[in-house]
There are 2 protein chains.
Amino acid sequence: MAELAEDFDDFAQPESAQAAQPTTENDTPEPASKESQHDAISSAASSTTTIKPDAKRNAFTEMMRPKPKPSISHQPHQSMAHKASQVIRGVWRGALVEYIDHPERFPAQVIRATPYTVLIKDAFPKATIHLLLLPRSPAHYLLHPHTAFADPAFLAMMREEAAEAAKLAAAELARQLGSFSATSRARSEAMDRGVSYDQLPPGRDYSKDIRVGIHAHPSMAHLHVHVISRDMRSERLKHKKHYNSFNTPFFVPLADYPLAEDDVRRETGYQNANLSKGLVCWRCGREFGSQFKALKSHLEEEFEAWRAE
Amino acid sequence: MAELAEDFDDFAQPESAQAAQPTTENDTPEPASKESQHDAISSAASSTTTIKPDAKRNAFTEMMRPKPKPSISHQPHQSMAHKASQVIRGVWRGALVEYIDHPERFPAQVIRATPYTVLIKDAFPKATIHLLLLPRSPAHYLLHPHTAFADPAFLAMMREEAAEAAKLAAAELARQLGSFSATSRARSEAMDRGVSYDQLPPGRDYSKDIRVGIHAHPSMAHLHVHVISRDMRSERLKHKKHYNSFNTPFFVPLADYPLAEDDVRRETGYQNANLSKGLVCWRCGREFGSQFKALKSHLEEEFEAWRAE
DNA sequence: TATTCCGATAGTGAC
DNA sequence: GTCACTATCGGAATGAG
């Protein structure tokens with residue numbers, strides 16, 4: 001995944017053309033957006049969409065220092081010698097850099113920005129909640145995830161940022177689905193009955209339904225960590241590889257890094273095979289072979305049951 | 001090929017329901033037919049659409065004696081012991097029997113009927129002219145063509161009938177395309193100038209553009225000989241197998257019968273491979289691989305050049 | 001494994 | 001190899017001045 005934003009055409013325009021773009025930061029107008037279900041994330045997190053001036057960790061601050069200047073258009077970055085040879089072919093492959101360099105330009109997409117990362121809504125979400133966590137470090141963001149996460153400091157930073165992202169995602173899941181959840185309803189009904197807080201039933205822990213990880217063979221050039229709800233219910237989920245990229249070992253949880261040198265998930269042949277595997281329901285294990293449509297309608301049923309838990 | 005008629009639904013109805021069908025023989029109303037380009041064939045041949053009372057050849061007359069009674073619905077015929085086990089599965093596979101048994105019911109489709117054959121327009125023509133010649137002998141019409149044409153008397157009869165069919169087909173081609181033909185135009189212009197008949201240029205011989213043969217693996221149960229113009233220009237030509245079934249050795253000219261025992265065209269594997277072969281233009285030999293659409297548009301160009309000859 | 005468009009390929013159902 | 005429908009699979013373009 002890690003897709004182009006819906007207003008992709010704007011990305012390639014020269015800086016001057018951006019004057020017409022709304023740049024207001026703290027209101028969330030969702031301009032002409034087809035999605036309206038993410039309101040809670042947008043509004044809940046809008047106060048953090050600007051870059052935090054207070055960098056808490058000095059090691060990180062050093063590592064994450066901004067590039068010498070914002071890149072113009074899609075030329076390769078010159079700041080790192082080992083990246084000079086990495087030419088990003090095709091505009092779409094490098095499109096995520098716009099969010100990294102100019103998060104303030106995308107108030108409808110950007111949920112949170114820190115000196116280290118930008119958290120955006122995936123433009124083509126493959127589940128009820130689907131966010132992308134983008135590291136801002138030019139020294140890392142064009143590396144393959146396996147390589148980038150071999151750097152312990154970088155990995156530690158990404159884990160911390162991802163934990164925050166997962167919290168926001170879980171909160172949004174709760175906002176959207178809480179009214180359908182037996183567990184959550186039990187808690188809110190107890191609340192309505194005036195039960196004291198230390199006596200309340202725990203309510204549903206939606207963080208269990210959020211997964212954090214990367215694709216073994218990303219198509220987008222910039223490193224992006226998926227923060228995605230478990231359901232895989234989305235109109236944008238359109239074919240087998242969409243599904244299998246999140247539901248086979250092709251999806252590598254961030255928690256699994258750093259990968260061992262001999263980890264099978266590094267092997268291209270293995271990962272290509274994963275994408276072509278028969279479809280298996282993530283919830284009940286039922287096999288669908290190549291019958292994607294049948295899986296899709298089954299996922300609708302599972303979604304109802306899952307959100308009712 | 002050898003397809004169902006357009007008014008296929010009527011076929012499966014009981015005899016009583018056929019009362020509403022027009023049974024007039026010598027006018028050609030083309031009732032609700034989408035095709036209008038076959039008018040010449042219909043009108044030119046309408047005087048022969050009834051079964052000829054005068055059977056010219058006694059051997060044939062004996063061989064072709066009608067079945068004891070017209071079959072009802074699609075039950076297998078009981079008249080021949082060796083056919084008792086041949087159950088026709090699927091209504092469509094046996095649909096051609098209606099034309100054989102009741103040619104008078106299909107004035108819009110039947111071009112000619114004799115005691116030995118019925119000649120119909122293919123309901124899904126794969127070229128400008130596409131006719132089917134159906135033998136009426138129950139002793140032969142459910143046999144595989146290779147087997148049926150091993151009978152010399154049957155083969156001789158079919159060749160004679162096919163020659164007549166090809167004449168009609170060539171005449172219809174001339175009617176439809178003569179005005180586009182340089183050769184034909186030269187003749188008609190000479191005619192207009194009052195050139196005496198023995199001095200007229202010959203005009204185009206359209207019989208060279210008519211091919212007569214069968215498919216090695218027919219899908220329709222009843223033996224049918226294709227009488228088809230060379231162009232392969234038709235909206236009904238929709239995929240590779242349509243084309244290759246007429247433009248590889250899968251198409252066996254009637255002239256090639258009887259086949260030798262070891263003729264490779266008897267082999268199933270060989271013929272399946274023919275259907276999957278890369279597409280090759282029948283006129284210029286250009287190869288199109290699996291690009292059916294590209295072949296289709298190329299055939300449009302070839303059609304223009306071909307009819308201009 | 002970015003999407004989208006187009007087209008080729010494959011399975012089924014037809015009563 | 002009957003058709004017609006659906007769906008799966010597969011390649012190519014995607015920008016730009």
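Each chain gets a letter, A, B and so on, in the order the sequences are listed, and its residues count up from 1.
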* To do: Please list, chain by chain and in numerical order, all residues satisfying side-chain contact (heavy atoms from CB on, under 4.5 Å) with A:Thr268, sequence neighbours excluded.
  => A:His217, A:Asn272
* Measure from the side chain of A:Phe124, starting at C-beta and using heavy atoms only, and say which of D:dA4, D:dG1, C:dT4 lies closest. => C:dT4
* **Canonical and wobble pairing (Watson-Crick, G-U, under 3.5 Å) of DNA chain C, dot-bracket with |** => .|||||||||||||.
* **Check: A:Gln291 main-chain N/O paired with A:Lys293 side-chain donor or acceptor under 3.5 Å** => no
* Asked: Under 4.0 Å: is that the gap between some side-chain N or O of A:His242 and OP1 or OP2 of C:dT3?
  -> yes
* Structure fact -> Whole-Å distance, B:Met220 CE to C:dA14 P, equals 17 Å
* Asked: For B:His144 and D:dG1, what is the distance between atoms NE2 and P respectively, to the nearest whole Å?
  -> 15 Å
* **Qualifying residues under side-chain hydrogen bond (donor to acceptor under 3.5 Å, both in side chains), relative to A:Thr147, sequence neighbours excluded** => none
* Asked: Mind checking the C1' distance from C:dT3 to D:dG17? Whole angstroms is fine.
  -> 25 Å
* Asked: Centres of the A:His226 and A:His224 rings: under 6.0 Å?
  -> yes
* Report the residues that fulfil side-chain contact (heavy atoms from CB on, under 4.5 Å) with B:Ser276, sequence neighbours left out, ordered by chain and then residue number. => none
* Please work out which residues in residues 285-298 of chain B have a non-hydrogen atom less than 4.0 Å from an atom of DNA chain C and list them by number. => B:Ser290, B:Gln291, B:Phe292, B:Lys293
* To do: Report the residues that fulfil salt bridge (charged side-chain N to carboxylate O under 4.0 Å, His left out) with B:Arg211, sequence neighbours left out, ordered by chain and then residue number.
  => none
* To do: Report the distance from atom NZ of B:Lys240 to atom C1' of D:dC3, rounded to the nearest whole Å.
  => 20 Å
* Tell me, please, which residues at least two apart from A:Lys238 pass side-chain contact (heavy atoms from CB on, under 4.5 Å). => A:Arg236, A:His242
* DNA chain C contacts made by residues 263-279 of chain A, counting heavy atoms under 4.0 Å -> A:Asn272, A:Leu275
* Mind calculating the distance between NZ (B:Lys241) and P (D:dC3) to the nearest angstrom? => 12 Å
* Asked: Residues in salt bridge (charged side-chain N to carboxylate O under 4.0 Å, His left out) with A:Arg233, at least two apart?
  -> A:Glu300
* Structure fact -> Rounded to whole Å, the CH2-P distance (B:Trp92 to C:dA14) equals 14 Å
* Taking only the side-chain nitrogens and oxygens of B:His239, find out if one of them lies under 4.0 Å from OP1 or OP2 of D:dG1. => yes
* **Between C:dT9 (C1') and B:Asn244 (CG): distance, integer Å** => 14 Å
* Partners of A:Asn274 by side-chain hydrogen bond (donor to acceptor under 3.5 Å, both in side chains), sequence neighbours excluded? -> A:Gln271, A:Lys277
* For D:dA13, does OP1 or OP2 lie under 4.0 Å from any side-chain N or O of A:Arg93? -> no
* Side-chain donor/acceptor of A:His130 to backbone N/O of A:Met232, under 3.5 Å -> no
* Asked: What pairs with A:Phe292 under ring pair (Phe, Tyr, Trp, His ring centres under 6.0 Å), at least two apart in sequence or on another chain?
  -> none
* Asked: Whole Å only: how far is the CG atom of A:Leu237 from the C1' atom of D:dA7?
  -> 15 Å
* Is the distance from OP1 or OP2 of C:dA8 to the nearest side-chain N or O of B:Lys238 less than 4.0 Å? -> no
* Return the set of residues passing side-chain contact (heavy atoms from CB on, under 4.5 Å) with B:Val252 (not counting sequence neighbours), or none when no residue passes. => B:Ile214, B:Asp256, B:Tyr257, B:Leu259, B:Arg265
